[in-house]
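Numbered from 1 within each chain, the chains take letters A, B, ... in sequence-line order.
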Amino acid sequence: MHIGHAKAMSLNFFIAAENNGLCNLRFDDTNPAKETVEFEQSIMEDVRWLGFDWQDRLFYASDYFEKLYEYAVQLIRDGKAYVDDLSPDQIREYRGTLTEPGKNSPFRNRPVEENLDLFARMRAGEFEEGQRILRAKIDMSSGNINMRDPALFRIKKEAHYRAGDKWCIYPMYDFAHPISDALEGITHSLCSLEYEDHRPLYDWFLENLPVSCRPVQIEFARLSLSYTVMSKRKLLTLVRDGHVRGWDDPRMPTLSGYRRRGYTPEAIRSFCQMVGVGAKRNVVLDVAMLEHAIRDDLNKHAPRAMGVLRPLRVVIDNYPEGQSEELDAVNNPEDPAMGTRKVPFSRVLYLERDDFREDPPKQFFRLAPGREVRLRYAYFIKCKDVIKDDSGNIVELRCTYDPATRGGDSPDGRSPKSTLHWVSAAHALPAEIRLYDRLFNKERPDDDEDFTTSLNPQSLDVVNDSWLEPHLGSAKPGDRCQFERIGYFCVDPDSTPGKLVFNRTVTLRDTWAKIENKNARP
RNA sequence: UGGGAGGUCGUCCAACGGUAGGACCGCAGACUCUGGAUCUGCUUAUCGGGGUUCGAAUCCCUGCCUCCCAGCCA
């Protein structure tokens with residue numbers, strides 16, 4: 001399932017709940033060639049993960065095959081269905097085109113008894129695939145092609161993953177769908193916009209068959225997202241051609257991808273509610289809306305931690321060598337109930353490279369030569385010296401700290417412009433951090449003849465020498481946290497106790513990056 | 001020269017024929033031990049043309065544009 005399916009799923013369950021109704025889960029497994037248990041399992045896993053519950057109402061169209069067969073026989077008896085001997089190619093020719101009406105099959109007016117006999121023999125396996133087919137007798141001149149004597153049952157000499165080899169004829173979705181709905185007592189059957197043309201057929205079956213319930217089909221808009229693709233074919237291309245690492249690659253708009261990336265089901269659901277139901281045209285949502293939903297959720301629930309992505313070694317000259325201490329840090333300022341933790345501090349630290357500039361631009365508040373900043377929950381430090389290697393790269397900073405500012409507050413009331421995250425070099429844990437960006441550079445990759453031309457070559461950036469606060473050593477795959485000032489992260493299944501691997505779910509809003517970009521542009 | 005469905009801020013979603021509103025994004029400011037979060041303010045829209053009406057996003061006519069349909073797929 002992808003995020004578009006999640007929206008459809010949410011719509012069904014939310015609308016049912018709002019109206020004190022129930023929502024069933026049914027697999028319309030009418031085509032034995034296309035159904036697999038794995039497919040079914042992964043759908044149920046995704047639906048459950050999203051938090052929806054179909055209780056004991058799990059259904060399969062394949063459980064209705066016998067009834068569907070009987071309904072088909074009924075249509076034949078009523079002179080409303082017939083067995084056609086035309087080949088698939090001939091049927092296509094006879095169907096006409098969008099602008100020209102079709103013409104009747106020469107087999108259209110077979111006697112009822114002959115149809116009954118032929119249909120029974122279809123079921124008995126006497127004919128080959130494509131040799132004969134059961135069609136409804138509606139109107140070959142209809143402007144709606146779905147009404148030009150649609151197929152009801154076709155021969156497929158293939159075993160069904162649930163029904164086994166019991167059948168060699170299988171119902172078409174258009175036939176099975178309204179009847180399955182009626183059998184389940186469905187009142188409202190929601191589907192996507194491309195089925196609007198099928199509604200007259202849906203209604204035709206219900207009007208011409210003795211059903212005890214009269215469901216109504218209502219169509220809703222499909223959802224897609226900006227900067228990604230949604231079609232199964234295109235997603236498959238991404239996987240098959242190695243543009244991503246698999247269906248659950250954190251850059252994929254699949255639920256398994258979002259899950260691995262660290263999205264919560266709550267965020268996906270709240271996004272789906274944000275989207276609403278009203279549209280009668282397919283829409284492309286701004287991915288920023290999804291990002292808002294996950295930030296909103298994680299801000300309230302994710303514990304904070306400190307992690308330095310790209311380390312710069314900092315030595316606190318006036319801090320005693322060999323000494324260390326533990327400082328109190330708040331786990332989540334949004335939720336005091338989440339408590340505090342201890343963070344070790346010592347003479348050698350790692351700071352984020354981005355947080356230091358030898359020659360700071362105008363609005364840069366962070367560390368620079370001679371400047372004082374606060375280390376989160378620790379001390380104020382001042383940069384005294386910049387150490388470079390032979391080629392001029394900064395390799396180390398020499399700083400001093402103010403012992404009076406322990407915990408992050410100064411008795412004289414002074415307050416630095418900036419507070420930085422840090423990690424004690426002697427205590428920190430090494431980690432690999434995978435930074436994800438949008439998969440495509442273009443808002444609507446579908447607009448291109450070849451959608452892969454707008455793939456973003458920088459959609460994955462693996463940072464190998466990151467350092468994390470020691471308490472993260474016990475983090476398990478799936479655990480989420482915020483690395484302060486950077487973003488929300490989630491432990492990847494690739495992670496091992498010896499080598500932590502984190503995925504960036506989403507960045508924090510970054511005002512400084514915006515300022516920097518703006519200054520860079522003109 | 002077929003049938004069906006649509007066109008409201010940049011993007012989504014609203015508005016018994018009665019002040020076009022909300023969310024996201026963007027911009028400006030306040031606050032802040034995360035340049036985070038939060039709060040405040042601001043910018044921007046009814047596809048075009050005719051009608052009906054005291055009054056039209058809404059009703060009528062007309063034009064334009066977009067999407068879907070010719071599987072024995074769903």
Side-chain angles (χ1 to χ4, degrees), chain A residues 28-31 33-35 61 84 86-88 91-93 95-102 129-135 141-148 150-156 169-170 172-174 176-177 191-200 219 221 223 226 271 273-293 295-296 299-300 304 306 329-330 332-334 363-366 373-378 380 405 407-410 415-421 443 482-488 507-516:
Chain A
D28 283 322
D29 53 352
T30 55
N31 188 343
K34 290 200 175 179
E35 304 297 331
D84 199 347
L86 256 26
S87 71
I91 286 183
R92 195 176 312 120
E93 281 166 36
R95 185 155 37 225
T97 69
L98 291 178
T99 52
E100 301 155 28
E129 289 186 18
Q131 199 182 341
R132 285 198 166 81
I133 191 162
L134 185 73
R135 305 176 70 181
S141 65
S142 172
N144 182 346
I145 290 180
N146 295 302
M147 301 300 271
R148 319 242 258 231
L152 263 35
F153 266 91
R154 78 287 212 182
I155 298 169
K156 272 190 186 287
I169 57 171
Y170 292 94
M172 297 290 291
Y173 166 85
D174 277 334
H177 190 58
C191 63
S192 48
L193 253 25
E194 64 267 33
Y195 288 100
E196 281 177 320
D197 283 347
H198 296 241
R199 183 160 16 107
E219 305 83 13
L223 168 138
S226 57
F271 168 73
Q273 287 204 288
M274 245 191 281
V275 169
V277 296
K280 277 170 213 77
R281 73 206 139 93
N282 292 320
V283 294
V284 182
L285 264 285
D286 192 338
V287 71
M289 230 180 262
L290 216 209
E291 289 173 352
H292 172 263
R295 283 195 189 102
D296 198 43
N299 175 48
K300 289 177 199 128
R304 271 55 172 175
M306 289 196 281
V330 174
N332 187 342
E334 303 291 318
Q363 297 162 84
F364 186 87
F365 304 145
R366 282 108 98 144
V373 297
R374 169 168 37 225
L375 296 186
R376 183 92 158 140
Y377 302 125
F380 293 3
T405 57
D409 285 303
S410 156
S415 183
K417 276 276 231 181
S418 180
T419 298
L420 308 184
H421 61 276
E443 216 176 302
Q482 181 198 97
F483 291 164
E484 295 219 25
R485 307 206 308 129
I486 302 177
Y488 296 97
T507 62
L508 250 26
R509 283 186 60 225
D510 190 345
T511 309
W512 166 242
K514 248 179 231 175
I515 295 170
E516 221 179 8

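Counting only heavy atoms from C-beta on, A/Arg485 has its side chain closest to B/G35 among B/G35, B/C25, B/G36. Comparing B/A5, B/C25, B/U34 by their nearest atom to the side chain of A/Arg376 picks out B/U34. Considering only side-chain atoms of A/Lys280, the nucleotide from B/C25, B/G2, B/G6 that sits closest is B/G6. Here the nucleotide nearest the side chain of A/Met289, chosen from B/U34, B/C13, B/C24, is B/C24.
Here B/U32 presents its P atom at 22 Å from CH2 of A/Trp512, a figure rounded to the nearest Å. At whole-Å resolution of the value, CZ in A/Arg281 and P in B/G6 are 11 Å apart. A straight line from CG of A/Leu223 to P of B/U11 spans 15 Å, rounded to a whole angstrom. Between the CG atom of A/Asp409 and the P atom of B/U32 there is a distance of 12 Å, given to the nearest Å. One can place CG of A/Asp286 at 6 Å from C1' of B/C25, the figure rounded to the nearest angstrom. Distance A/Glu334 CD to B/A37 P: 9 Å, rounded to the nearest Å. Across the protein-nucleic acid pair, A/Phe271 atom CZ and B/U11 atom C1' stand 11 Å apart, rounded to whole Å. The separation between A/Leu285 atom CG and B/G22 atom C1' is 15 Å, rounded to whole Å.
Taking each heavy atom of A/Arg485 and A/Leu420 in turn, the nearest pair found is NH2-CD2, 3.4 Å. Shortest non-hydrogen contact noted between A/Lys300 and A/Glu334 is CA-CB, 4.4 Å. Across every non-hydrogen atom of A/His177 and A/Asp28, the tightest pair is ND1-OD2, 3.5 Å. The shortest non-hydrogen separation linking A/Glu484 to A/Val330 is OE2-O, 4.5 Å.
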Quiz prompt | Contact pattern, 5' to 3', of nucleotides 65-74 of chain B - B, S or - by protein heavy atom under 4.0 Å | solution = ---BBBSBBB
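No contact: A/Phe153 has no heavy atom under 4.0 Å from any strand. Within 4.0 Å of A/Thr511, counting heavy atoms only, lie sugar-phosphate atoms of the nucleic acid but no base atom. Using a 4.0 Å heavy-atom criterion, one finds that A/Pro200 contacts no nucleic acid atom at all. Counting non-hydrogen atoms under 4.0 angstrom, A/Val284 reaches the backbone sugars and phosphates but no base. Contacts of A/Glu219 with the nucleic acid, taken as non-hydrogen atoms under 4.0 Å apart, are absent. Using a 4.0 Å heavy-atom distance criterion, A/Gln482 is classed as a base contact. Across all strands shown, A/Arg295 has no heavy atoms under 4.0 Å from either base or sugar-phosphate atoms.
Proximity of a side-chain donor or acceptor of A/Arg374 to a complementary backbone N or O of A/Gly408 within less than 3.5 Å is detected. Counting only distance, with no hydrogens or angles, the side chain of A/Arg148 and the backbone of A/Ser142 share a donor-acceptor pair below 3.5 Å.
Rounded to the nearest Å, the gap between the P atom of B/C69 and that of B/G29 is 50 Å. Comparing the P positions of B/C12 and B/C68 gives a spacing of 16 Å, expressed to the nearest Å. For the C1' atoms, the distance linking B/G17 with B/G26 amounts to 35 Å, nearest Å. Here, B/A5 and B/U43 have their C1' atoms 34 Å apart, quoted to the whole Å. B/G22 sits 10 Å from B/C42 when the P atoms are compared, rounded to a whole Å. A gap of 43 Å separates the P atoms of B/C25 and B/G51, to the nearest Å. One P atom belongs to B/G21, the other to B/G6, and the distance between them is 25 Å to the nearest Å. Remark: the separation of the P atoms in B/G36 and B/A28 is 13 Å, to the nearest Å.
You'll find the side chain of A/Thr30 reaches within 4.5 Å of the side chain of A/Tyr173, heavy atoms only. Inter-residue side-chain proximity for A/Pro150 and A/Asp174 is flagged as unmet; no heavy-atom pair is nearer than 4.5 Å.
Under the Watson-Crick or G-U wobble criterion, with both distances below 3.5 Å, B/U66 is paired with B/A5. Across all strands shown, B/G10 is found opposite B/C24 as a Watson-Crick or G-U wobble partner, with both distances under 3.5 Å. Base pairing annotation: B/A45 forms no Watson-Crick or G-U wobble pair, as no partner gives both donor-acceptor distances under 3.5 Å.
The aromatic rings of A/Trp512 and A/Phe364 sit perpendicular to each other, their planes meeting at more than 60°, with 30° as the lower class boundary.
Along RNA chain B, the nucleotide nearest A/Leu290 and the nucleotide nearest A/Arg366 are compared for position; the residue whose nucleotide lies closer to the 5' end is A/Leu290. If A/Met274 and A/Leu420 are placed on RNA chain B by their nearest nucleotide, the residue sitting closer to the 5' end is A/Met274.
For the atom pair OG1 of A/Thr97 and CD1 of A/Ile145, the computed distance is 7.0 Å after rounding to the nearest 0.5 Å.
Here A/His292 reaches the OP1 or OP2 of B/C24: one of its side-chain N or O atoms lies under 4.0 Å away.
Because its glycosidic torsion is more than 90° from 0, B/G4 is reported here as anti.
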